[in-house]
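Numbers restart at 1 for each chain; the letters A, B, ... are given by sequence-line order, proteins then strands.
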Protein chains: 2
Amino acid sequence: MSSLSDRIEAYLMHLLLHSQDGCIEVRRAEVADRFACVPSQVTYVLATRFTPERGFYVESRRGGGGYIRIVARHPRPEASGLQAVWQRIGRSLTSGQAEGLLRSLEQGGLLTRRQAALMRQALRQEADWAEPPLCDLLRAAVIKGMLLMLSSSPDGRDRIG
Amino acid sequence: MSSLSDRIEAYLMHLLLHSQDGCIEVRRAEVADRFACVPSQVTYVLATRFTPERGFYVESRRGGGGYIRIVARHPRPEASGLQAVWQRIGRSLTSGQAEGLLRSLEQGGLLTRRQAALMRQALRQEADWAEPPLCDLLRAAVIKGMLLMLSSSPDGRDRIG
DNA sequence: ACCGCAAGGTCAAAGAAGGTCAAAGGAGGA
DNA sequence: TCCTCCTTTGACCTTCTTTGACCTTGCGGT
């Protein structure tokens, strides 16, 4: 089901989420080895998933002692909780930023796949009809509303009855 | 005589009902295979039966590891009063309209006091910084996002407690 | 400097899904 | 009968992934 790229993404995301500062260093060849694939596969994953648009930046160096460093702009959302994530969201959010956020929340276990899917749908439906910059404002508004509702009653216990 | 489309619909619905969270992932080619039909038949069923109006969202991805994900907004078949309200909200909502809406939802028992209060706060925070007409757009977006999350919680949180 | 190895980078081709669209088929009603 | 609406099919398109050949960069030794 999940593709090789997805598994590599999950692996790197896992490392990021468990890092102290939302910043990791890996060797391309090592990662490729772990997943028994060609090194350029790792490059592909970095290029398609860990983009600045989604809130990551990647630097690397070649030659002996070379490395790839991935830095997350939203370090460890799973440790800080939905409330903290919510506070970091500003008034505007591009679709790429929203997608990156949802993915990392999903990876961090703060959102179920279903919740993430619902939120994606809602974002499309409520924001995509507008042009930038309006659509980005709407996206931030929708997602913050949704996160607030989720975080305020994570398991339905907030029902007063 | 149930048509092929009906049988495919029934099959997918069966999977949904037996899923824990009202969210399934299938491969188009596999489903087509099971019913010995062309893949586009599955697309047809999705397009005609699993529509947003009927309470379903469909997400898909192409390429290797591609899939079709179907999400039911209501894992439980019970209709939700919130859903109906949600569907009637347009793209714009004045603060007066929003307040009226929240009040009637609260009185109707569809929202707890706490939820309503939370939503009021979110509305103020996310929309009031802007001038009309933008603030009305933002209000509609926030409130729809929040209602969606409430009305689609798998644990039936949206029912009157 | 120069050379050679040890990284990582690029790019394009091949492969693996799903999407589109229009034509053909079928069932029911005016 | 004829018309309309829903189904079924299939040819062709678009998107995403995987692989591999070849390129560039950095470091260390001579």
Trainee: Near DNA chain D, under 4.0 Å by heavy atom, which residues of residues 49-64 of chain A?
Mentor: A:R49, A:R61, A:R62, A:G63, A:G64
Trainee: Grab the OH-P distance between A:Y44 and D:dG20 for me, whole Å please.
Mentor: 16 Å
Trainee: Choosing from D:dT18, D:dT7, C:dG8, which nucleotide comes nearest the side chain of A:Q41?
Mentor: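 It is D:dT18.
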Trainee: Taking B:R139 as the fixed residue, which of B:L137, B:D136, B:V142 is the one that meets the side chain to side chain contact (heavy atoms under 4.5 Å, CB included) rule?
Mentor: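 Running side chain to side chain contact (heavy atoms under 4.5 Å, CB included) over B:L137, B:D136, B:V142 with B:R139 returns exactly one hit, B:D136.
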Trainee: Find the distance B:L46:CG to D:dT7:P and express it as a whole number of Å.
Mentor: 13 Å
Trainee: What is the distance, to the nearest angstrom, from the CZ atom on B:R7 to the C1' atom on D:dT8?
Mentor: 12 Å
Trainee: To the nearest Å, how far apart are A:R69 CZ and C:dA7 C1'?
Mentor: 16 Å
Trainee: Quick test of your reading of the model: are B:R103 and B:E99 salt-bridged, counting only N-O distances below 4.0 Å?
Mentor: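 Answer for the salt bridge query: yes.
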Trainee: Look at B:E106 together with B:R120 and state whether they make a salt bridge at an N to O cut-off of under 4.0 Å.
Mentor: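 Result for this pair is yes, salt bridge flagged.
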Trainee: Find the distance A:L4:CG to C:dA16:P and express it as a whole number of Å.
Mentor: 14 Å
Trainee: Just the rounded figure in Å: distance from C1' of D:dT17 to CZ of A:F35.
Mentor: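 Nearest whole value for this atom pair: 15 Å.
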Trainee: According to a strict under-4.0 Å criterion, is A:S40 in side-chain N/O contact with OP1 or OP2 of D:dT19?
Mentor: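 No, outside the criterion.
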Trainee: Among B:I70, B:V71, B:I24, whose side chain to side chain contact (heavy atoms under 4.5 Å, CB included) with B:S19 holds?
Mentor: B:I24
Trainee: Tell me the interatomic distance from B:E30, atom CD, to C:dA16, atom C1', rounded to whole angstroms.
Mentor: 14 Å
Trainee: Return the value, rounded to whole Å, for the distance between atom CD1 of B:I70 and atom P of C:dG18.
Mentor: 12 Å
Trainee: Less than 4.0 angstrom from a charged side-chain N to a carboxylate O is my criterion; do A:D33 and A:R27 meet it?
Mentor: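 Result for this pair is no, no salt bridge flagged.
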Trainee: Can you tell me how far the OH atom of B:Y67 sits from the CZ atom of B:R28, to the nearest 0.5 Å?
Mentor: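 Between B:Y67 OH and B:R28 CZ, I get 15.0 Å after rounding to 0.5 Å.
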Trainee: If the cut-off is 4.0 Å, is B:S5 near the phosphate of D:dT8, judged by side-chain N/O to OP1 or OP2?
Mentor: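 Yes, because at least one side-chain N or O of B:S5 sits under 4.0 Å from OP1 or OP2 of D:dT8.
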Trainee: Identify, between B:I68 and A:R28, the residue whose nearest nucleotide on DNA chain C lies closer to the 5' end.
Mentor: A:R28
Trainee: Identify whether NZ of Lys or CZ of Arg in B:R124 sits under 6.0 Å from the centre of the six-membered ring of B:W129 and within 45° of that ring's axis.
Mentor: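 No; the conditions do not both hold, so B:R124 does not lie above the ring face of B:W129.
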